[in-house]
Each structure stands twice: as structure tokens, then as C-alpha cells.
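We use all heavy atoms of the structure for the numbers below, so side chains are in, but hydrogens, waters and symmetry mates are not. One is the number of the first residue; the rest follow in order along the sequence.
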Amino acid sequence: MDFATRIATWQQRHGRHDLPWQNTRDPYRIWLSEIMLQQTQVSTVIPYYERFLERFPDLAALAAADQEAVMPYWAGLGYYARARNLHRCAQDIVQHWGGSFPPDASSIATLPGIGRSTAAAIAAFAYGERSPIMDGNVKRVFARHFGVAGDPARRETEIRLWALADAQLADGAGHGIDMAAYTQGLMDLGATICTRGKPLCDRCPVRETCVARRDGRQAELPTPKARKVAPERRTGMLVLGHEGRILLEQRPSPGIWGGLWSLPEFDAGLDAAAACAALGASPGTVFELAAFSHTFTHFRLHVRPWYVAVAQARIEQERPWQWVDAEACARIALPAPVRKLVDGLFAAGLPEALMAPAAATGP
């Protein structure tokens, strides 16, 4: 029995079958799950996936919505370019494909935010197309099984892995297999058996032909990435309070947290009251909140937040601003660390002296 057949057979008997995006041929639902699952765990994705479908049940509903209406349903999931591309992609399909998903992987791969592997997965699950995939978990499976050394993120290693993936479906290999089962099987194997830390080799359906198991190289394959020290960045954030509301600004798109609402930022080395005054607001009570950090893909951000009570709500800067109370804030798309900060402040019920106009707080 060849590699692909063993994987598909194993998946049908032992793989995952109860995920909310399985047992469907709807390319919209399959596409949504594949985008959400990029660099995000299944357990995290499930509630987001279900809420997103409640609000945008089909591609037409997503395409017709404004991007600002989409972002709250992605807030907290991270990698926000995915949400922006998702929205763009839906509009592209309506405009150029008559509202229906393209019929093959090569056409799907031309859409915004969809690469070769994601396109192949959608085509396999929706149309049964024989196209190989190669996501992070699958790279680990192939690197171990076929003994491929080298950082999988490097171009030369990735080319070798793709060639092996193509070979498993070429020249009659895997003839007659259920492509959805094979594709899901590779994902399941990488997620549940051929795991990064402690692979369960005795339960693997391809263990008899695995190079890493034969040579005891499970710990060294795939070759670990060379560790780099993540750059450190620092910023200040202003929680401007006025009559029970706080000020939010919309982040520019593209960019970090692009399209989301957040707290006004300023150079961490500057005085918070001066930063507030630079916005055209009159600072009153000022005190420092607990600092926090957030790790992005390529750097770590250290945030020094300040609470500033202001006497009036007029802001002179020409930016997208809005003042929100706790109820309105709950409906707005905020980055996860900012959400945690402002929700905590509202939940704590700041003293009236802090949430009242600054002129009433003392000398």
C-alpha cells in the first residue's frame, strides 16, 4: 500500500471527523476554515468560525458587508491581514467569478490571500481535486518520513518537500483514493500523531517507511529554524477618559492591527500629558497603568499605558476617532491586548473622579 493510500485509509478510520467545517462540500465554509486555521489552533478557531458564519452565512453576505463590519468578528484571532484579504477575496469572487468559487486549485490560488497549499486544500475538499498540500504540520510529516533535512521555511527545502508531495499523487500513486480523506489525513497526522515535541510513532500509519523513525532522528527533523532575537519596540498608549467614555482611533490599513480600533499611541519616552495636549485635549488627572507586552510574528511590543481624564471631548487631529462607553466598546473590533486592557478598566468601575471631567477632579 503506497503512502497516500495509507494516509487516506488511516484518516477514514482514526482521523478527525467532527470538526464544524468537515462533512461539507461548500467551498465558502472550507475556505473560511482554512484561512482561520493558518497559524492558529483548532480549539481557538472553532468559536470564531461559528460566530463568523452566524453573521456572514455565505459568500454573498460577506462580500456585501463593509470591512469595518467584518473586523469585530476577527478581533482577537490575530494576523488581521487574513480578515482584510478574506473580505477582498469575497468581493473579487462576486465581481470576477459570478459569486461562485473558482472550480480548480490553480484558479483559486489567484485570489487575494490564498496560496498554493490553501488553494489545493479547498479544491480537494470541495471538488475532490488531486492537488498536494504543504502547510506547517504537513512539512513536518514529509521532512520526517522522507528524511529531508534543512529549514522547511527556506526555499530550497520547500522545493524538495513540494516535489515529494507531487510524487505521492503522480504516475498512478494513490490511485482511487478519496482526496478529501488524504488531505485531511495529512493535517490530522501532523496535528495529532507526528507532533513537534513527542511524536506518537507507534500509532503512525506510515511508520514502517519513515526515515526519521528508522534512524532515530525524530528530534532533529524537520531541521529547527535558526533562532533570532526578536526586535523590541516600545510605545505609549493613552486611555483618555471623558464622562464615562474613552477615546479610540482606527488604525491605518495596511499595518499592525490595520482596520481595528485601538488607543491613541505616542512615543514611549514622551510625557503622557504632553502627548494628550498634542491631540488638542486638555489633560487633567494623569496616572500610569500597568505596562504589558505583546508578541507579534517578527517583534515584541512593550506598551506603557496611561490614564488621562480630559475636560472636553473635542479632538483637533483629523483622524478617525470615536468616544465609546463600555457598551459601545464591546461591539468594536479591538486588538486582543487592547481589549483586555479597556475591558478590565470598564469592569473595574473606575472611580467617578477618574471618569468625570478633569476640571472636577481637583486643583
Side-chain angles (χ1 to χ4, degrees), residues 2-12 15-17 19-40 42 45 49 52-53 56-60 62-63 82-83 85-139 141-142 158-159 161-191:
D2 61 29
F3 177 87
T5 303
R6 282 180 286 165
I7 294 290
T9 301
W10 171 82
Q11 198 283 328
Q12 290 167 329
R16 297 176 293 185
H17 297 277
L19 299 176
W21 45 82
Q22 292 182 307
N23 305 309
T24 179
R25 292 281 186 173
D26 182 355
Y28 172 72
R29 290 172 176 253
I30 294 166
W31 163 58
L32 176 61
S33 70
E34 289 297 318
I35 299 300
M36 285 189 166
L37 287 165
Q38 291 172 359
Q39 304 183 67
T40 309
V42 167
V45 165
Y49 176 81
F52 198 96
L53 283 178
F56 309 105
D58 52 36
L59 190 142
L62 177 57
R82 294 183 297 173
N85 282 331
L86 197 80
H87 186 240
R88 285 177 53 218
C89 185
Q91 293 181 325
D92 189 281
I93 293 172
V94 168
Q95 183 176 357
H96 301 293
W97 295 90
S100 298
F101 245 84
D104 55 74
S106 60
S107 298
I108 295 172
T110 66
L111 298 171
I114 300 182
R116 178 182 175 184
S117 184
T118 299
I122 295 169
F125 290 130
Y127 311 130
E129 182 176 321
R130 288 172 62 88
S131 297
I133 65 168
M134 190 54 62
D135 66 10
N137 282 340
V138 177
K139 285 181 179 180
V141 171
F142 273 78
E158 190 172 29
I159 289 173
L161 293 172
W162 271 111
L164 287 166
D166 284 325
Q168 306 318 304
L169 299 174
D171 300 326
H175 178 71
I177 62 169
D178 181 329
M179 272 304 299
Y182 174 60
T183 303
Q184 186 66 53
L186 287 173
M187 296 175 177
D188 290 353
L189 190 64

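- For Val138 against Met187, the heavy-atom pair with the smallest separation is CG2-N, 4.4 Å.
- Side-chain contact between Trp162 and Ser117 is present, with at least one heavy-atom pair separated by less than 4.5 Å.
- Not one N or O on the side chain of Asn137 forms a donor-acceptor pair closer than 3.5 Å with the backbone of Leu189.
- Within the 4.5 Å cutoff, side-chain heavy atoms of Met36 are placed close to those of Leu32.
- Atoms CD and CE, from Glu129 and Met179 in turn, are 8.0 Å apart once rounded to the nearest 0.5 Å.
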Pair up each side-chain donor or acceptor in residues 98-116 with any protein partner under 3.5 Å, not counting sequence neighbours, and list the distances.
residue	atom	partner	partner atom	Å
Asp104	OD1	Ser106	N	3.3
Asp104	OD1	Ser106	OG	2.7
Asp104	OD1	Ser107	N	2.8
Asp104	OD1	Ser107	OG	3.0
Asp104	OD2	Ser107	OG	3.4
Thr110	OG1	Ser107	O	2.6
Arg116	NH2	Asp166	OD1	3.3
Arg116	NH2	Asp166	OD2	3.3

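- Two residues are said to be in side-chain contact when any heavy atoms from C-beta on lie closer than 4.5 Å; Trp31 and Phe125 fail this criterion.
- Among pairs with a residue in residues 171-180, none fulfils side-chain hydrogen bond (donor to acceptor under 3.5 Å, both in side chains), at least two apart in sequence or across chains.
- Nearest heavy-atom pair across Ile133 and Ala120 is CG2-CB, 3.9 Å.
- Nearest approach of Ala4 to Gln168, heavy atoms of both residues: CB-O, 3.8 Å.
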Check the pair Leu186 / Gln11 against side chain to side chain contact (heavy atoms under 4.5 Å, CB included), numbers first and verdict last. CA-CA 8 Å; Leu186 287 173; Gln11 198 283 328; over 6 Å; no

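- Considering all non-hydrogen atoms of both residues, His87 and Leu62 come closest at CD2-O, 3.3 Å.
- Ring centroid separation for the pair Tyr28 and Phe56 does not come in under the 6.0 Å cut-off.
- Inter-residue side-chain proximity for Arg88 and Asn85 is flagged as met; some heavy-atom pair is nearer than 4.5 Å.
- The OG atom of Ser33 lies 9.0 Å from the CG atom of Leu19; values are rounded to the nearest 0.5 Å.
- Here the closest non-hydrogen pair linking Thr24 and Ile30 is O-CD1, 3.7 Å.
- In this structure, CD1 in Ile177 is found 5.5 Å from CZ in Arg130, a value given to the nearest 0.5 Å.
- Across all non-hydrogen atoms, the minimal contact from Gln184 to Arg16 is NE2-NH2, 3.9 Å.
- Among residues at least two apart or in separate chains, salt bridge (Lys or Arg N to Asp or Glu O under 4.0 Å) pairs with a member in residues 28-37 are Asp26-Arg29.
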